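Structure, as structure tokens:
These figures come from a predicted structure and were not determined experimentally. The sequence lines fix the lettering, A, B, ..., with proteins before strands; numbering per chain opens at 1.
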Amino acid sequence: MRSYAKVVVGVPVEKAFYYALPEEMTGEVIPGVRVVVPFSGRKLTGYVVGLSREKPDVSLREIAEIVDSSPIFDGEMLKLTRWVSDYYCCPWGEALHAAFPPGVRMKKKKSFSPEELSSPPAESLSSSVTLLHHANRGGGKIEFYLQAIKQALKQGRQALVLFPEVSHFQNILNLLRFQFREKIAILHGRLLPWERYHEWLRMRSGAARVVIGTRSAVFAPLVNLGLIIVDEESNPLYKEKRTPAYHAREVALERARLWKVPLILGAQAPSLESYFQAERGKYKLMVLSPAGEKKELPEIEIADLRREFSSRRVRWALSLELRQEIEACLRRGEQTVLFISRRGAGTQKLIDEVGRLFPNARLGKAGTAYEEGTRAQRHKGTKYEETISLFRRGKIDILIGTQAVLKELGGERLSLVGIISADTILNIGNFRAAEKMFQLLTQVSNSLLGKQNGKVIIQTYNPAHYSILNVGDYPQFYREEVEFRRQLNYPPFTSLINIMIKDEEAFRRLIAILEANRDEGVEILPSKAGMRGQQIIIKGENLAGMRRVIRGELSSSRWNKAGVKVDVDPVEQ
DNA sequence: AGCACGCCGACT
DNA sequence: GTCGGCGTGCTC
């Protein structure tokens, strides 16, 4: 009996297309392999996503060529990418692309030892989600992860461990390499194409047993997955900004569900979403306190700028408290980090002021590695890295920096962190502002944990804000924040979809279409987004219907030039 | 994405 | 009369 291949091609079209198989290809064309097909006058590479016995009611053409001698996606991975395309409103082809990175994509006709591939999954592990709420960045959580990984390996399974960025791997990588040596594979965006290809093959063959990676590694081609860990699950770097704008934690949740494997989410300060699920009993909550002697939180002092500047005309960047504390810190021969939330006009003013006030201190300024180095430079070492290195070696007394320096905190001689303006974060007009503030302060104060003179000074016009007052007490912060979210009907009580549109005419057209198909309880909030065009925010308890409308609508090519970008569950950074 | 089809303005 | 603008719609 003849069968027909259902093929997804890399065009922004929602549909799959059917092709006939030439006699000699029967048995070789199976779901998950790539094929070359004739498509409106040209040849395109597409993914076979299924086979059908019935002849579809269209005139068929034949598959021209088979690219892979064994599938690059198994059935589960096809389901996962399908879910990504449904949930994040992108064509299936684009979701498949995201799961199949460039370094690997160009290679052809390589066989991935089929005997490993077809091995039936062992008895399924208990599928559950654990939220590991740990108080510090110390060994407790790594120990926990290692135990879970060992258990998965003992059952003959593979473990997938995600971190928000490469610089966070090192600690666990050293420990894992010590125990498992060549069984470790690494996957992240900065690998060279051949490195990625090499790691891909090792995962696919089952030779790699533990995979450490960043967000895109959530699609790692594991043949015998037994465990997923997402470290620092609340880190916004897990959100992809390009299409499909997936959140690696959400994809991990779906993957764990599909593969029926346990998932561990780790966080110093969990995301509202995750803690909400834990509170309702959907996730198992585990709270880890610091092992050994209890390390004290640093002293947290609030510099109330309202009082500070009410009597004076000149506005200084540094409050009296912060100035005095820097002075004390310098006297003790210890280091200070001054955190600014954005680069810009305020930065130079701050640097000048610090220079004037502390003429003998050695100053350093660090933006981000990205801003201060070109792509080529980043391999050799950038100005940013140089500054950080000087700071680590104690050659800088006062370091002024943005978000990026936060992960460099924790050196021996650092004892003071000053938040120059908490309000630039609290006033960003985003419902996650308080959460972002709390995340920041948690990270900062944990990096000074147990320091004898550890101190955080927060300069603010909002000294009574709950995100500041509750540092060190996550449950209390959560209670206040979740109440705020409930009252304003924000996640986790609702979901959001953000659509950006350049073309104004298309913007109006899309609003009309969305309004016409709007479900009960769904709000459609259009607005101007300045230079970037217009945006439509869709807000509601259940957006499944809206998702369907968006996906169906955008598959029509009349939106091609309108510059439409869909962001499901947006996370502004 | 590409490409054809189609219906309006300005050219040899 | 035709060339070509790009709006619209289709590709198995």
Side-chain angles (χ1 to χ4, degrees), chain A residues 1-68 71-73 78 81-82 84-86 88-102 105-106 240-245 499-514 516-517 533-534 548-567:
Chain A
M1 205 201 296
R2 257 196 106 107
S3 60
Y4 304 91
K6 193 177 174 188
V7 177
V8 168
V9 286
V11 294
V13 180
E14 183 54 33
K15 276 178 59 183
F17 296 88
Y18 289 90
Y19 287 88
L21 307 186
E23 207 70 45
E24 70 278 9
M25 285 188 192
T26 325
E28 279 185 78
V29 174
I30 48 176
V33 303
R34 285 171 300 168
V35 289
V36 175
V37 292
F39 189 82
S40 79
R42 57 213 158 114
K43 294 262 168 85
L44 288 182
T45 303
Y47 301 88
V48 177
V49 296
L51 292 174
S52 141
R53 279 280 124 107
E54 288 158 65
K55 187 174 190 299
D57 193 21
V58 276
S59 67
L60 294 181
R61 307 186 66 180
E62 284 196 332
I63 288 174
E65 205 185 315
I66 302 175
V67 179
D68 307 297
I72 49 181
F73 293 120
L78 289 174
T81 51
R82 178 74 241 192
V84 167
S85 91
D86 282 345
Y88 292 102
C89 300
C90 74
W92 196 353
E94 294 201 36
L96 287 162
H97 258 43
F100 193 46
R105 210 183 294 158
M106 30 192 235
E240 172 63 66
K241 289 195 206 77
R242 297 161 297 186
T243 310
I499 306 177
M500 300 288 304
I501 307 184
K502 289 224 179 76
D503 186 80
E504 213 164 321
E505 179 55 39
F507 168 66
R508 281 192 286 272
R509 217 161 8 133
L510 189 55
I511 292 171
I513 291 165
L514 292 171
N517 293 283
Q534 291 73 221
R548 219 170 305 123
V549 172
I550 294 167
R551 225 176 328 115
E553 197 52 46
L554 294 189
S555 69
S556 144
S557 61
R558 76 168 164 281
W559 301 98
N560 273 355
K561 283 183 296 172
V564 185
K565 270 213 189 99
V566 181
D567 188 357

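Mapping heavy-atom proximity under 4.0 Å, the span of DNA chain B touched by chain A runs 5' to 3' from B:dA1 to B:dG2.
Rounded to whole Å, atom P of C:dT11 lies 12 Å from atom CG of A:L60. Rounded to an integer number of Å, the gap from CG of A:D503 to C1' of C:dT8 is 15 Å. Taking atom CZ of A:R42 as the reference point, atom C1' of C:dC12 lies 13 Å away to the nearest angstrom. Rounding to whole angstrom units, CZ of residue A:F39 and P of C:dC10 are separated by 13 Å. Between A:R509 atom CZ and C:dG7 atom P there is a gap of 11 Å when expressed in whole angstrom units. We find that CH2 of A:W559 is positioned 14 Å from C1' of C:dG7, with the value rounded to whole Å. Residue A:E553 contributes atom CD, which lies 12 Å from atom P of C:dT8 at whole-angstrom precision.
Residue A:K15 is classed as a base contact, given a heavy-atom separation below 4.0 Å to a base. Within the nucleic acid shown, A:Y19 comes within 4.0 Å of sugar-phosphate atoms alone, with no base atom in reach, counting heavy atoms only. Note on A:V7: nothing from the nucleic acid sits closer than 4.0 angstrom, heavy atoms only. Among the heavy atoms of the strands, none lies under 4.0 Å from A:P56.
For the pair A:Q534 (side chain) and A:I501 (backbone), a donor-acceptor distance under 3.5 Å is present. A distance-only check finds a donor-acceptor pair linking the side chain of A:Y19 to the backbone of A:P38 [under 3.5 Å].
Side-chain contact check for A:V13 versus A:P91: every heavy-atom pair is 4.5 Å or farther apart. Under the 4.5 Å side-chain criterion, counting only non-hydrogen atoms from C-beta, A:E62 is not in contact with A:M25.
Taken from CD1 in A:I550 to SG in A:C90, the straight-line distance is 12.5 Å, to the nearest 0.5 Å.
Classification of A:R34 and A:E65 as a salt-bridged pair fails, no side-chain N sitting under 4.0 Å from a carboxylate O.
Distances shorter than 4.0 Å separate none of the side-chain N or O atoms of A:R558 from OP1 or OP2 on C:dG7.
Taking both residues in full, the closest heavy atoms of A:L51 and A:V29 are given as CD1-O, 3.6 Å, listed atom of the first, atom of the second, then distance.
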